[in-house]
Asks: 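Have a look at this one before I ask anything.
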Number of protein chains: 8
Amino acid sequence: MNSENIKKLFEKVKQGSMSVEDAVERLKDLPFKDLGYAKIDNSREMRVGYPEVIYCAGKTVAQVKGIVEAMMDNKDNILGTRATKEQYEAVKKICPKAKYNEQARIITIKNKKIEMSKTYIAVVTAGTSDIPVSEEAALTAEIFGEKVERIYDVGVAGIHRLFSKLELIRGAKVVIVIAGMEGALASVVGGLVNKPVIAVPTSIGYGANFNGLSALLSMLNSCASGVSVVNIDNGFGAAYLASIINRLH
Amino acid sequence: MNSENIKKLFEKVKQGSMSVEDAVERLKDLPFKDLGYAKIDNSREMRVGYPEVIYCAGKTVAQVKGIVEAMMDNKDNILGTRATKEQYEAVKKICPKAKYNEQARIITIKNKKIEMSKTYIAVVTAGTSDIPVSEEAALTAEIFGEKVERIYDVGVAGIHRLFSKLELIRGAKVVIVIAGMEGALASVVGGLVNKPVIAVPTSIGYGANFNGLSALLSMLNSCASGVSVVNIDNGFGAAYLASIINRLH
Amino acid sequence: MNSENIKKLFEKVKQGSMSVEDAVERLKDLPFKDLGYAKIDNSREMRVGYPEVIYCAGKTVAQVKGIVEAMMDNKDNILGTRATKEQYEAVKKICPKAKYNEQARIITIKNKKIEMSKTYIAVVTAGTSDIPVSEEAALTAEIFGEKVERIYDVGVAGIHRLFSKLELIRGAKVVIVIAGMEGALASVVGGLVNKPVIAVPTSIGYGANFNGLSALLSMLNSCASGVSVVNIDNGFGAAYLASIINRLH
Amino acid sequence: MNSENIKKLFEKVKQGSMSVEDAVERLKDLPFKDLGYAKIDNSREMRVGYPEVIYCAGKTVAQVKGIVEAMMDNKDNILGTRATKEQYEAVKKICPKAKYNEQARIITIKNKKIEMSKTYIAVVTAGTSDIPVSEEAALTAEIFGEKVERIYDVGVAGIHRLFSKLELIRGAKVVIVIAGMEGALASVVGGLVNKPVIAVPTSIGYGANFNGLSALLSMLNSCASGVSVVNIDNGFGAAYLASIINRLH
Amino acid sequence: MNSENIKKLFEKVKQGSMSVEDAVERLKDLPFKDLGYAKIDNSREMRVGYPEVIYCAGKTVAQVKGIVEAMMDNKDNILGTRATKEQYEAVKKICPKAKYNEQARIITIKNKKIEMSKTYIAVVTAGTSDIPVSEEAALTAEIFGEKVERIYDVGVAGIHRLFSKLELIRGAKVVIVIAGMEGALASVVGGLVNKPVIAVPTSIGYGANFNGLSALLSMLNSCASGVSVVNIDNGFGAAYLASIINRLH
Amino acid sequence: MNSENIKKLFEKVKQGSMSVEDAVERLKDLPFKDLGYAKIDNSREMRVGYPEVIYCAGKTVAQVKGIVEAMMDNKDNILGTRATKEQYEAVKKICPKAKYNEQARIITIKNKKIEMSKTYIAVVTAGTSDIPVSEEAALTAEIFGEKVERIYDVGVAGIHRLFSKLELIRGAKVVIVIAGMEGALASVVGGLVNKPVIAVPTSIGYGANFNGLSALLSMLNSCASGVSVVNIDNGFGAAYLASIINRLH
Amino acid sequence: MNSENIKKLFEKVKQGSMSVEDAVERLKDLPFKDLGYAKIDNSREMRVGYPEVIYCAGKTVAQVKGIVEAMMDNKDNILGTRATKEQYEAVKKICPKAKYNEQARIITIKNKKIEMSKTYIAVVTAGTSDIPVSEEAALTAEIFGEKVERIYDVGVAGIHRLFSKLELIRGAKVVIVIAGMEGALASVVGGLVNKPVIAVPTSIGYGANFNGLSALLSMLNSCASGVSVVNIDNGFGAAYLASIINRLH
Amino acid sequence: MNSENIKKLFEKVKQGSMSVEDAVERLKDLPFKDLGYAKIDNSREMRVGYPEVIYCAGKTVAQVKGIVEAMMDNKDNILGTRATKEQYEAVKKICPKAKYNEQARIITIKNKKIEMSKTYIAVVTAGTSDIPVSEEAALTAEIFGEKVERIYDVGVAGIHRLFSKLELIRGAKVVIVIAGMEGALASVVGGLVNKPVIAVPTSIGYGANFNGLSALLSMLNSCASGVSVVNIDNGFGAAYLASIINRLH
């Protein structure tokens, strides 16, 4: 995929230092580690400085453990999302420095020092009940090396709470807004800042929230421009995107 | 249904001024006028001073005309909602003073003077595109005798526009909030006033608004208390309820 | 937000009794208590005489306990909705007079005397299975100081049960109708009274009730005017709105 | 399919009056007329006295005309449902006695006398706007030879209108209830009669009626027993079923 | 509601044997027993010979027990649907002859002899997994006094199994078809019999069956006429309706 | 993508007959023709003998015309699906031999002879109204060189019509079943043949068919194995897949 | 159903070796074993060499055990899908050689040797979490006698992993693609191979995946031709169809 | 809202150059121009250099014309989205330099020179039919002063077309991916670039695309990180957000 590498292959073939067959073989062999049940992808250029990420949901304890084990060779930091306590216990046995945040369901393993960004990401939530998702976002961003400001429980039912924090929000390079129920906070924040707003609908609420559908549709239909949306409860995804944006210059 | 009337029936029977059979017959004969295709209901007590209302959608031109004709006897004011221009033209022929508001699709016939309320209803819209629904609400309320204040295009994308009108909104006895897209305005207003808020989701928007579903779910899940919801685009229903509330004392 | 207060700020600045910086700071500092994970909102004017309310769902036991603790300073009554028994036990430790209604999942703490309203709210249910929601409504209204009449199990399958209670329902200032399955009761009551009707769809039923969707859509499409709707199973919201209406004069 | 006929086939084979090959061929050849684009089914036993039925929607004018032409041989009555005026015009050219009801979109061709039933079917509608569907039902039932009583515009918003007609409804052998919006009429009627109630949801309404979904779900979740449901706007289907029931003895 | 009774009331008043006030009071007092949380409806005329029915879902153990207790006075048979084992255990304590079918979740109490019908209801299922619903239907019908023929596991994947039972099905006065997954059996049976077919979609299946939605929509859109539908998994409702039809003559 | 070609590239580089830069450039340059608004893909190996296909929906008349023009160079047969008459007229101007089937909305241009397959595809429809979709399938298959047997109007409401054609269906190598409404035909056919069945739900029907959703869910939940499903009304897709299967050996 | 057998029946009747009554009886008696709660279907021709299949979900332990018991007579291989461990334990008691794969929830009983196919089926998954579904597919295919190649965790987020396996995938006679979340892998594979692609959406993911709806819709709308879809998580169904295709010649 | 301005107000009051009443009035008077039916918002700081934007859908011709007229005073560039040709004709009369792009339904009025950005936005579409949406995005971005690279018709059905443009896409600062049907392109691009990806689902497709729902859900569930989503067909919103990101430094 990387044209620089392909060029080198051709050159080696031209110089005779590699056979045609070997070169063809190589092209099929872009870097990933194959565990059979998982293929660990080491190839994306941007991974420099980024932790390895494991989506733990739907994986057995043994699979999560096996993947962590394979990743430890790289000496990169490791992030496990949607991890159960049981998965964490298994990981801890092979990697005692692994840490677990129960609300956010996140395993973190710091294998090297994280240099923090100068600009920051604001993580804003409508209510206290949105904290599991916002901590998933905040902890993800932090292990990615992004500075984070948490602004919690500033939903539109008492809008003066939001205004009291407006300068802090406006100072961010990118804003993550996390809200359940009717998700109105995304539109209100979107109308008040001129930074990219990443909206995360949460499943908080009941009845006609249909497990987050109400907040999701709300955010997709935001009358304020500059707002985009990720999956329901996807704190990780919002943080990942925010990190990419926070590194742009 | 009216116990006072039933009592009178029994008394007439007791006094011998009415036969048992007649009394039984009467009970079945609560007042309505039967046109075959429609049964015009004249009986609800609250109708004193209220106009007759015709829901014109799905009725033929001849049916709407016939119903208006039958209603004209009562000398009440008449309101036709969701009326087409064609229906209006037919009505106008038998009732020259009938008026039509094309955006709101409303026919009004004033047969007697309307005394206006002292307290007022605030009709608040998020955007210019919500005006057809808000005019349905405002015109309905006005023919019901309610004073109305229109506050249009104060959606949350530019929230200072709302704040500039906040005192006018807070002065109302009941507030109708009309918004499409993500419908966030209902929650924001609900958090700023301590009056009943009737939220009307509109079908304004496109794509994932699913013809008003986004605003509907938003409003049903409002994190601000004191907000209730009527059907999508139902300006009439909101005004009817607001009128009942505005008359409470 | 309160123009009276802002005026005072300006006057203090004019008189030199407050610096410009302090005034600007104050504007940001509308009253709420910040616990980090929650910002307790003390500012809404209408709160006079109203209890503090905590939506307990999605909050940890520690968070609920912490919020109650912070609220106890205000000497207001406190209402916790959607509370688990575990949350209640924790609250009880710091506040022995706290009470819990298990069906309604409600914690109540009476810190001061409640003066009851003269006019009453009728709480009407279709079936016995709707009682958890109706008790959430009734208990909420009562701690808000509203007189309540409970009329239970009068669904349309045996409509004479409803008629036997009609006068009691008609005597209310505002009527809450709670029904699951097809939710027809809201329309029937709406056609029989001339008071505001707040309809609460419940998730009672199975199959094609889709967890309350059938009753919700039914109520939103009520052919009787004067009916508005709150979220599925939202007894609290209905009671809050009914209380606002019951206090109008 | 008919064991009597199969027996005869075997007997003919046994007697040698039919070859094995012919018998096998016959089994494949149950009676229908094959037009290529349509296979006209003449075989259902119950068809005695019943008209032939054509579902015209989605068929070209030429196809409808061709099917009618083929059916004319049987000298049965013919019913075309969901027919456009254009389809009717084409049919009329080959069959001048064909009649068309525009509201009900029904073509009827009476080729032989219809004997009417003694017991009757009650066709009850909530509103005037439901008449197109109820006329589809009533006209279908009538060409099937069923006596019909029409009771129109007795929706629950003015429930005394329904009570005034209750004895007429209770006198029927089977009741068809047709309602749009919230469809509450089906439950109310279901609770008042002890006859089979066939509920037809209509697409009448707007917004959150989602083209008949609200009435459909309402009727499926009816708290009154003895109610079953057919497709939205399916007046024909309700009448067909009502006819089968009306003929039971 | 019963005009015979109303007539008697009027006559008593006329004769002076009842005061007007008492008569009015009586009208409100149509027969039901009020337990506060439940109003037991004894008034429907058709109830002669029918058991009392309790929908147990969503009721507390104490409520079910209390309702049974109150019903025992009538000496009628009693049917409890969607009952948990815990509810049954409580009922059994006050009524030792109560029986429980665990698969069908049905409590039956036979207080008087049931006379069985001559004509029978066919209960047909697509698969073995549909048996809990079909037993709810069959047991309900049987306690209602209807003769039942069970024809199980004859789904369309092996359609010859259905044909082998066709004569038994065709012999019924009314047919209940119970199927999950794609629910095709209802259409196939509907095309093969000329009796009323009551289709019961079940939630059997997974994935895109969306808890019974696939079978529900399938049955509502049946291309075979004479088919109507009840709620997903509603064996009781199908049996109740089948019983009404089976008693028609 | 094609390792054979890549090998040749390397060999040319090795032999010096191609520069490294040219080789890298080539890899980016897999064969397609770039019109700016469209990139005509000429590269898929299987395209040998297959016509070029244009999905015309959503394209302007000018775009369709431009794409056809560019394709004419290849001397392949051309198939345009979902084409309007207007698009066809424009195509015809530059390519007089273009043909149009209005029901199927298909443009075909035969630039070379089509050799027909020995084995055939059975295209089976439930009703006459499904013919537009089935002709899209049949015409597509035929221009792909597949022999087709059309078996139309054999839906389950009159299942003997299906049985009379069963041997013809069983003789096919692959079966396409096209049905709207409840789509039961797919399951019934799936249970009767041991060939791959490709089910095409159609939008034929009304009300609770939700534009094809009912047939779609039905087919996805088929209790008969060996059935897979394509998009609603996707006659083309079914034929394309059937063609691939028909060519397997 | 099988014309060969019917012919034989006729011949026996003709020869007098079978009475007419017996022949008619036989026609009703196509081979299945009736357990009352289940009718084991032994008749489909294609079953030669195929195992018997039991869909265990929704069946009691006793029913599964009983069905297996009845099947053991045939000496065929047996496959139980969606089996619980408890069902397996019961089966094992009567059939010690029964095996269970917990992830795939599959019971297999090998009663006779399986001859493996020469051509193979590729089973391709997007992620590790899709393995339970893919193992259901792979194990099903293998007990059906199909050679299987497993290619796991090659989702589009790291598309080079897919390309490295492309030749293996292209070598298959039919490809099963299993993916949750957005299910994009089906389209990508569909664009790269010219073999039938059977897409299996999985319920892997959360939030707006709506339990597999996202992947399902994705796959149904695949822009790549040659892709068809089975039910969410239906590994068995995909394998069954793949087996039919793999045996075509 | 802008603390700098508030500070100035206070200072003026302090200095006596402004009365308290005037200052309070000013706070309510944040800059917007009130047309009654619309409130033109001139206040957002970020608007420097940005055009005024009018969402024309749902507005009357007169309203659009009136808003443009009022905006002309500011000498800013003006963008009208979702404009009809009729709206454009009216605007052109008062503003002859207005231009209209019919496919994109966009009106542009250049009142001052636009300085173009150095970094560029890549606008990538899956198919030719997505061009109306992508041109809305591209033209919006360009009038906002952003350099745009259009890469059209590179959907995953022929993925080599995408790879040929990969370097151009990777060179962008932010990538907009526009796709209908299954929307797989967003995930594939998201897996290949390390820049923010804004995904725009389009309503292109038919049947089970449910007007864009399939692409929407696909994109929300993208397995590739760094992808966020805007409303269906919302080219404008994507461009607005891309512009904000492109200006970050």
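Chain A is the first sequence line, chain B the second, and so forth, proteins listed ahead of strands; every chain is numbered from 1.
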Asks: Between Val156(D), Leu213(D), Leu220(D), which shows the greatest number of heavy-atom pairs under 4.5 Å with chain C?
Replies: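 The answer is Val156(D).
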Asks: Go through the structure and list residues passing side-chain contact (heavy atoms from CB on, under 4.5 Å) with Ala179(D), not counting sequence neighbours.
Replies: Ala126(D), Leu185(D), Met219(D)
Asks: If the cut-off is 3.5 angstrom, what donor-acceptor pairs do you find between chain C and chain D?
Replies:
{"residue": "Glu182(C)", "atom": "O", "partner": "Ser218(D)", "partner atom": "OG", "Å": "3.3"}
{"residue": "Glu182(C)", "atom": "OE2", "partner": "Ser187(D)", "partner atom": "OG", "Å": "2.3"}
{"residue": "Glu182(C)", "atom": "OE2", "partner": "Cys223(D)", "partner atom": "N", "Å": "3.1"}
{"residue": "Ser187(C)", "atom": "OG", "partner": "Glu182(D)", "partner atom": "OE2", "Å": "2.3"}
{"residue": "Ala208(C)", "atom": "O", "partner": "Asn221(D)", "partner atom": "ND2", "Å": "2.9"}
{"residue": "Asn209(C)", "atom": "N", "partner": "Asn221(D)", "partner atom": "OD1", "Å": "3.2"}
{"residue": "Ser214(C)", "atom": "OG", "partner": "Asn221(D)", "partner atom": "ND2", "Å": "3.4"}
{"residue": "Ser218(C)", "atom": "OG", "partner": "Glu182(D)", "partner atom": "O", "Å": "3.3"}
{"residue": "Ser218(C)", "atom": "OG", "partner": "Ser218(D)", "partner atom": "OG", "Å": "2.6"}
{"residue": "Asn221(C)", "atom": "OD1", "partner": "Asn209(D)", "partner atom": "N", "Å": "3.2"}
{"residue": "Asn221(C)", "atom": "ND2", "partner": "Ala208(D)", "partner atom": "O", "Å": "2.9"}
{"residue": "Asn221(C)", "atom": "ND2", "partner": "Ser214(D)", "partner atom": "OG", "Å": "3.4"}
{"residue": "Cys223(C)", "atom": "N", "partner": "Glu182(D)", "partner atom": "OE2", "Å": "3.0"}

Asks: Would you mind reporting whether Val68(C) and Ile109(C) have side-chain heavy atoms less than 4.5 Å apart?
Replies: yes
Asks: Considering only heavy atoms from C-beta outward, does the side chain of Phe236(D) approach that of Leu79(D) to under 4.5 Å?
Replies: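 They are in side-chain contact.
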Asks: Measure the CG-CG distance between Leu192(D) and Leu162(D) for me, rounded to the nearest 0.5 Å.
Replies: 6.5 Å
Asks: Is there a side-chain contact between Ile178(D) and Val124(D), using heavy atoms and a 4.5 Å cut-off?
Replies: no
Asks: Can you tell me how far the CD1 atom of Ile151(D) sits from the CG atom of Leu166(D), to the nearest 0.5 Å?
Replies: 9.5 Å
Asks: If you count heavy-atom pairs within less than 4.5 Å of chain D, which of Val189(C), Leu217(C), Leu216(C) leads?
Replies: Leu217(C)
Asks: Out of Val148(C), Val197(C), Ile121(C), which residue meets the side chain to side chain contact (heavy atoms under 4.5 Å, CB included) rule with Ile176(C)?
Replies: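 By the side chain to side chain contact (heavy atoms under 4.5 Å, CB included) criterion, Ile176(C) pairs with just one of Val148(C), Val197(C), Ile121(C): Ile121(C).
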